[in-house]
There are 2 protein chains.
Amino acid sequence: MVRVGLTRERLIRAGAELADEVGFDKVTVSALARQFDVKVASLYSHLRNSQELKTGIALLALEELADRGAAALAGRAGKDALAAFANVYRDYAREHPGRYAAAQLPLDPETAAASAGVRHAQMTRAILRGYDLTEPDQTHAVRLLGSVFHGYVSLEMQGGFSHSAPESQESWSRILDSLDATLRNWPAP
Amino acid sequence: MVRVGLTRERLIRAGAELADEVGFDKVTVSALARQFDVKVASLYSHLRNSQELKTGIALLALEELADRGAAALAGRAGKDALAAFANVYRDYAREHPGRYAAAQLPLDPETAAASAGVRHAQMTRAILRGYDLTEPDQTHAVRLLGSVFHGYVSLEMQGGFSHSAPESQESWSRILDSLDATLRNWPAP
DNA sequence: TGGATTTGCCTAAAGATATTAGGCAACTGC
DNA sequence: GCAGTTGCCTAATATCTTTAGGCAAATCCA
């Protein structure tokens, strides 16, 4: 009986890779056990249940996304920052579709509050420092940006914009242009 | 052995109701069989497999959403139409969270092309007739609106905007204002 | 170094879901 | 009222989740 060296950490990391390969919904405890050539029950020493695996992958994805976002924002401001940050989301979703899907997993409030989701909100606010918005408009704008980024990326991932002209990349650029214009010229109530 | 009168139609309708009650992801063939007090295998005369059930609920939701959208657009134009249409999405998601979740189910291309999703795109284009956009900007704008509506509603459904000021309703109104302004003043490339 | 303890993976088992095959009873049509 | 069709059933298999309890390998420590 050779010990493989299972770890909560390794399992979640392998789960994330599996998600990118076969889709987040196909990530199961059984599939993961197969990857490690180990019996299913063995994973339950490291994971409370399958929910913990899924949540773990979601939290990992949120961290990675936040790290990339922070790197993209460094040294940038204004529209430059806006576009760089937006591209982080889009690129991450394309590179890691399974992880991105995992990041959409609804988390219970405590888990969410302790997650990197908080950093996402802070970074979005940081971008808005390049524009002239004060509360509560800044919050409205945070919500707008979050909606557009998430909405566009998820529609694009589902193939919503493929096979029809113009290219999705073109729309993406023009939408970022329009968001920049909107933020520079945020309408009064 | 009393016959309950199962039908593909009835099953999908019951599945949609079940989705709104317990969540789309909890809608299973087994759960549905329980609802009708019938053995699981009996459903397989009416449904090819569980995928068909889920797809059926998705298509039903898309139809209902398109019908509501059409009703909302009748007799309206410009910002009025924009807001009415947007509210259809948001209200539908709140009234029928399970169905709304179902409407996000990725469909294979042929199914999607035959679905009410096509009407959604047409209606969005109809709204844009109230603004001065020509191709390809109109397509970019269609994609922007789709992203914002879907993005906002799904973030709101996941509780993203609750428990933090200002109220989500306020952000929603201001975002619709900003979209209207953006469309009236769409920036050149 | 060797024994005690902890820890990791295993076997076994039960419960839930999805799906298929084949059977009998209840409707339908005439 | 009979023949044929249809609808729901029993039975069986496969997969996934989860728990309980066991043995062996790693680790600790004298």
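Letters A, B, ... mirror the listed sequences (proteins, then strands); counts begin at 1.
B:Lys39 places its NZ atom 19 Å from the P atom of C:dT19, with the value rounded to the nearest Å. Look at CG on B:Leu11: it is 12 Å from P on D:dG7, rounded to the nearest Å. At whole-Å resolution of the value, CD in B:Gln51 and P in C:dT19 are 9 Å apart. Going from atom NZ of A:Lys54 over to atom P of D:dC16 covers 12 Å, rounded to whole Å. Spacing between atom CG of A:Leu47 and atom C1' of C:dC9 amounts to 14 Å, rounded to whole angstrom units. A straight line from CG of A:Leu43 to C1' of D:dA20 spans 17 Å, rounded to a whole angstrom. Between A:Tyr44 atom OH and C:dA13 atom C1' the separation is 14 Å, expressed in whole Å.
With hydrogens and angles left out, the side-chain atoms of A:Thr182 and B:Thr182 include a donor and acceptor closer than 3.5 Å.
Contact check on A:Arg143 versus B:Glu170 returns no salt bridge, with no Lys/Arg side-chain nitrogen under 4.0 Å from an Asp/Glu carboxylate oxygen.
Contacts between residues 14-36 of chain A and DNA chain C, defined by a heavy-atom separation below 4.0 Å, involve no residue at all.
By the side-chain hydrogen bond (donor to acceptor under 3.5 Å, both in side chains) test, A:Arg76 is found to be paired with no residue, residues two or more places apart in sequence or in another chain being considered.
Atoms OG and CG, on B:Ser50 and B:Leu32 in that order, are 11.0 Å from each other to the nearest 0.5 Å.
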Strictly under 3.5 Å: I want the nitrogen or oxygen pairs between protein and nucleotides 1-6 of chain D, one per line.
from	atom 1	to	atom 2	distance (Å)
D:dT6	O2	B:Arg3	NH2	2.9

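The ring-ring contact (aromatic ring centres under 6.0 Å, His included) contacts involving residues 58-117 of chain B comprise B:Phe85-B:Tyr89, B:Tyr89-B:His120, B:Tyr89-B:Phe149, B:Tyr92-B:His96, where partners must be two or more places apart or lie in separate chains. For residues 9-33 of chain B, there are no ring-ring contact (aromatic ring centres under 6.0 Å, His included) pairs, not counting sequence neighbours. Applying the side-chain hydrogen bond (donor to acceptor under 3.5 Å, both in side chains) test to residues at least two apart or on different chains, the pairs with a partner in residues 77-88 of chain A are A:Lys79-A:Asp177, A:Asn87-A:Trp172.
Under the 4.5 Å side-chain heavy-atom criterion for Ile, Leu, Val, Met, Phe, Trp and Tyr, A:Val142 and A:Val118 are members of distinct hydrophobic clusters.
Using a 4.0 Å heavy-atom distance criterion, A:Val4 is classed as a sugar-phosphate-only contact.
Remark: A:His46 is not in phosphate contact with C:dT7, judged by side-chain N or O atoms under 4.0 Å from OP1 or OP2. Contact annotation: B:Ser50 side-chain N/O to C:dT19 OP1/OP2 distance is under 4.0 Å.
Looking at the side chain of A:Ser42, the nearest of the listed nucleotides C:dC9, D:dC8, D:dT10 is C:dC9. Here the side chain of A:Asn49 is nearest to one of D:dT18, D:dC9, C:dC9, namely D:dT18.
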Check your understanding: Do B:Arg13 and B:Glu9 pass the salt bridge (charged side-chain N to carboxylate O under 4.0 Å, His left out) test, and can you show the C-alpha distance, the side-chain angles, and the key distance before you say yes or no?
Key -> CA-CA 6 Å; B:Arg13 205 156 283 282; B:Glu9 202 53 30; 3.7 Å; yes
